[in-house]
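Written out below as structure tokens is the structure these notes cover.
Labels below follow one simple rule: chain letters A, B, ... track the order of the sequence lines, proteins then strands, and each chain is numbered from 1.
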Amino acid sequence: MIDYKNELNPAQYDAATTLEGPMLVIAGAGSGKTRTLVYRLANMIEQGVSPHEILLLTFTRKASQEMLQRAAELLGQSVGNITGGTFHAFAYSVLRQNPPAEYEGSLSIMDSADANGALKYCKDTLAIGKGDKSFPKIQTVMGMLSKSRNKEMDLHDILRREAFHLAAYRDDIANIGSEYEQYKAQHGLLDYDDLLFKLEQLLTVNKEVREYYQQRFKYIMVDEYQDTNLVQARIVRLLAGGHGNVMAVGDDAQSIYAFRGANVQNILDFPKLFAGCKMVKLEENYRSIQPILDLTNSILAEAPQAFQKNLFSNKKDGRKPEVLIPLSDLTQAKMVVDKIGKLRKKYKNKEIAVLFRAGYQSYHVEMQLNKLGLKFRKYGGLKYSDAAHVKDVMSYVRLLMNPLDLPAFHRLTANIKGVGPKTSIRIYEATQAEDPNKLKKALVRYPELREDLDLVDSLRRQRLEPVELLEEVLAHYKPKLKTIYPDDYPRREHGLEQLVQIASGYSDIELFLSDLSLEDPTQRQEEEEQDLITLSTIHSAKGLEWDAVLIIDLVEDRFPSRHAVQKADEFEEERRLMYVACTRARKYLGLFVPSSLYARGTGGNEPAIPSPFVRDIPGSLYEEWRENYSGTVTQTARPTSTPPHRTPQKNGAKAPAPSTSGAATSSVSGGKLGHCTHKIFGRGKIIQHLPPDKYRVNFPGFGLKVIMEAYLVMED
DNA sequence: CTGTTTACGATTTTT
DNA sequence: TCGTAAACAG
């Protein structure tokens, strides 16, 4: 028997033992949210709930598997067949079992590359934006369309809010969008957004299906609820409609997916949506030492939040977090790796993580780690299944599952000499039109094409296990590898062996296919076993924790990202991102603030401005270390008294460091720079004086600008 | 039309 | 740095 009362705190106990009725759990970072869910799962099983009746929706597949595994350990027995995974994966599995008429026999999931390619194709078909240099990039168009769908707002409003300068292209973008919808319908394709909308539609329209799932899943748990979007919330309501036994878990302070349509309002509205909703707040932090929490609380202090939280820990002792100031982002890498070297004496590799805003920022650190032969694993950035050779191979499989899958067909033909996009589409049409003459001509002209199509046909006739299927495809594809990718085919060949490895864990080819695009199955593979250092984007670090966490590139333009400085809500999301990053740390937190950034254009270094998220931390909450020109690192002397809160420019220690390129700038450390007003941008904070007559000013709502003194009205 | 070269440009985050 | 898009040659 599990002693719930002793092993959980009162709030956790409450959450884990209330099984009936709607419940909202507001779980602060590190407050034992996962633990609570695990105990709740175990409790359900102990109470005799059938695993078949439980639905556990999480943000990643990994998260749900971990929970199920921990619950099993707790119970000392398997938890059985609990349905768990992401909304997207769940949606796909339901759609697969109850295919809407129009998708029977032909249904493929498009990844973002497919979707972009399809959109490009639509744009070209409609001959929109030809030769127009300022026509928005296809990714931009896709971004707008997807945002419009995810936020369920009119494209017009999205453009007005997010990209005013594209207003002139509104009709073009809308037309490309509707062409894209047609394209998908014609070829049995679903993109990520479709999975959710089609599931909602199915559950709404089909009473039988809806009632089946309502009755089947008597208990529903949704993790990371703050990162759900509108349609996901409606799906939850549809599923829980009958009984209302649904628990949403989340933390509004950790909402970091608004950019893809997540709506924090969902978690605020949850109690309204489900009458009689019980609410539990988990506030005690079991993860971090108090000095780290002091710092994270100060980050959050500046943010407006709906659910007040006051994180506290009983681990009072420990070192203050460190702010480390390398001379540049290039020396930052060395400094990071040096730091890791020291931390390794105390912590295991797998308890050390380097976090960053965007995938490319870890580049220099990766080089340095490689140099020293330190092994690491990188999360975020490119996915395994994005690799061209993997997509090549999978396109055979996709085509055999869905003969209409045009993106897959294009991939396949692109590797045939002499066949480009135009020929490819003609051949595709010939196969569809069953025009034997045309097709025959093409087959004669391109012998490779015949081999490819024969292979797909023969695979379709057989009923093979995923591994066998892949072996056949690889036997056919591997010889091509050398000619297609002459420079690095050995590496790719190795990658394909890994693909076979992954496939061996599946008996259902469709599941294998969808997991590859909806979850990253490689993450499971090397799992914990190896003692690897982690490099990760902050987004991919969600829900994880390490003893030691180093965050790099904490300067304006990088973090917050330059794209997010314009609008207040995006800026706040960056702040929450910073909060998420810092709360990953248990014992050590290091913030790296390079003094200058390598400038691609000029080849020199440009001075960098410390991130506002660091500037705004009271100096008493951290220690500061600065790299000297000699390469040594010394602690910055600082006043013993706490500097007044939120007046960072008075703290000389946090001023931007002198530029490495000479006396181009004056330091802010005089503390004289205050605020100023600009005719158009309004009032802003002066960040830096650029002699003789320019200033760098941060205007709320407009971001950083460099302005001539003549246009500014100074305050004293 | 395809394939290659060159120039340019631009860089979030993920299912 | 990388990757993509326009320009050009076959």
Integer-rounded Å distance: [N] [atom2] and [X] [atom1]:
X: A/M367; N: C/dC2; atom1: CE; atom2: P; answer: 9 Å
X: A/N116; N: C/dG3; atom1: CG; atom2: P; answer: 16 Å
X: A/K123; N: C/dA5; atom1: NZ; atom2: C1'; answer: 10 Å
X: A/L195; N: B/dT15; atom1: CG; atom2: P; answer: 13 Å
X: A/L544; N: B/dT14; atom1: CG; atom2: P; answer: 13 Å
X: A/F87; N: B/dT14; atom1: CZ; atom2: C1'; answer: 15 Å
X: A/Y360; N: C/dT1; atom1: OH; atom2: C1'; answer: 12 Å
X: A/K147; N: B/dT15; atom1: NZ; atom2: P; answer: 17 Å

Of the nucleotides [options], which one has an atom closest to the side chain of [X]?
X: A/Y192; options: B/dT15, B/dT13, C/dT1; result: B/dT15
X: A/K422; options: B/dT12, B/dT15, B/dT2; result: B/dT2
X: A/R357; options: B/dT15, B/dT14, B/dT12; result: B/dT12

Considering heavy-atom distances to DNA chain B, does A/R426 or A/H539 have its closest nucleotide positioned more toward the 5' end?
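Looking at DNA chain B, the more 5' nearest nucleotide goes with A/R426.
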Check A/R149 against A/K184 and note the closest heavy-atom contact, atom names and distance.
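Heavy-atom minimum between the residues: NH1-NZ, 3.6 Å.
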At their closest point, which heavy atom of A/K151 faces which heavy atom of A/A258, and how far apart are they?
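That closest heavy-atom pairing would be CE-O, 3.7 Å.
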Testing A/Y225, A/F87, A/Y257 for ring-ring contact (aromatic ring centres under 6.0 Å, His included) with A/F59, which one passes?
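So the option named by the test is A/Y257.
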Base, sugar-phosphate, or nothing: which does A/Y257 touch, judged by heavy atoms less than 4.0 Å apart?
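Sugar-phosphate: the residue A/Y257, judged by heavy atoms under 4.0 Å, touches backbone atoms but no base.
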Just checking A/R96: does its CZ atom have more than 12 heavy atoms from other residues, nucleotides or ligands closer to it than 6.0 angstrom?
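Atom CZ in A/R96 is packed in, count exceeds 12.
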Answer yes or no: is there a side-chain heavy-atom contact under 4.5 Å between A/L95 and A/Y103?
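Not in contact.
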Parallel, tilted or perpendicular: rings of A/F259 and A/H539 (30°, 60°)
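Rings of A/H539 and A/F259: perpendicular, as their planes differ by over 60°.
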Which whole number of Å gives the distance between the C1' atom of C/dA5 and that of B/dT12?
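My reading of the C1' atoms in C/dA5 and B/dT12 gives 22 Å.
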Please list, in numerical order, the residues of residues 405-418 of chain A that have a heavy atom closer than 4.0 Å to any atom of DNA chain B.
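Nucleic-acid contacts, sorted: A/K417, A/G418.
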Is the aromatic ring of A/F259 within stacking range of B/dT13, meaning centres under 5.5 angstrom and planes under 30 degrees?
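One would call A/F259 stacked on the B/dT13 base.
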Would you indicate, yes or no, if [N] has its OP1 or OP2 atom less than 4.0 angstrom from a side-chain nitrogen or oxygen of [X]?
X: A/T537; N: B/dT14; answer: yes
X: A/T423; N: B/dT2; answer: yes
X: A/S540; N: B/dT13; answer: no

Contacts of A/R237 that satisfy salt bridge (charged side-chain N to carboxylate O under 4.0 Å, His left out) - sequence neighbours left out:
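In terms of salt bridge (charged side-chain N to carboxylate O under 4.0 Å, His left out), with neighbours along the sequence ignored, A/R237 is linked to no residue.
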Can you confirm if the aromatic rings of A/F197 and A/Y192 lie within a centre distance of less than 6.0 Å?
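No; A/F197 has its ring centre 6.0 Å or more from that of A/Y192.
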